[in-house]
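Written below as structure tokens is the structure these notes are about.
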Amino acid sequence: MVVAFKVTGDEQGEWAVLQVSGELDLVTSPVLRQRVHDAVAEGRHSLVLDLSEVWFCDSSGVGVLIAARRLLRSCQGRLRLILPAQGAADGSHVNRVLGALGVRRLFDVHPDLPSATSDDASPLSA
């Protein structure tokens, strides 16, 4: 069974939102990397990556997330991830992968879009 990898864009106020679904792996991660670069090139420095529909993520996918964080920090931007505790069939796979690799604390993680795009959200931790 082939599950389509998809990245769709949206805007919520000042936030550019990329909704990612499917598998984030060696084959598909360059697509997400390009979309992040395109958003930043268009001057969107507040970016939300909605990963709630990603059901598989390997190290190349994690690499794209870390590169996106670095890119946005370099231009004083903001990156937030949507990673529900439950979701994508069996509890967020991406959340577990980031936790297992010890990099989850690098990201500003939110449970849903309203939380991620709210100005009341907690500030980015260093």
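Numbering of residues begins at 1 and proceeds along the displayed sequence.
Contact between Arg104 and Val109 at its shortest, heavy atoms only, is NH2-CG1, 3.3 Å. Between Pro30 and Val27, the shortest heavy-atom contact is CD-O, 3.5 Å. Between Thr117 and Trp15, the closest heavy-atom pair is O-NE1, 3.6 Å. Leu24 and Gly61 make their closest contact through CG-CA, 3.6 Å (heavy atoms, listed as atom of the first residue, atom of the second, distance). The two atoms that bring Val40 and His45 nearest to each other are O-NE2, 3.7 Å, heavy atoms only.
Linking ILVMFWY residues whenever their side-chain heavy atoms come closer than 4.5 Å, directly or via other members, leaves Val48 and Leu51 in distinct clusters. The cluster map of Ile, Leu, Val, Met, Phe, Trp and Tyr, joined by side-chain heavy atoms under 4.5 Å apart, puts Leu71 and Leu47 in the same cluster. Note on Leu18: it does not cluster hydrophobically with Ile82, by side-chain heavy-atom contacts below 4.5 Å among ILVMFWY residues. Note: the hydrophobic cluster containing Leu32 also contains Val103 (ILVMFWY, side chain heavy atoms under 4.5 Å, direct or indirect links).
Atom-to-atom distance recorded for Ser60:OG and Leu26:CG is 4.5 Å, nearest 0.5 angstrom.
No option in Gln12, Arg78, Arg80 other than Arg78 meets the side chain to side chain donor-acceptor pair (under 3.5 Å) test with Ser46.
No side-chain N or O of His110 forms a donor-acceptor pair with one of Asp112 less than 3.5 Å apart.
Thr28 places a side-chain N or O within 3.5 Å of a backbone atom of Glu23 that can act as its donor or acceptor partner. Using modelled atom types, no side-chain atom of Ser118 and backbone atom of Pro114 make a donor-acceptor pair closer than 3.5 Å.
Evaluation of the salt bridge (Lys or Arg N to Asp or Glu O under 4.0 Å) test over residues 36-50, restricted to residues two or more places apart or in two chains, returns Glu11-Arg44.
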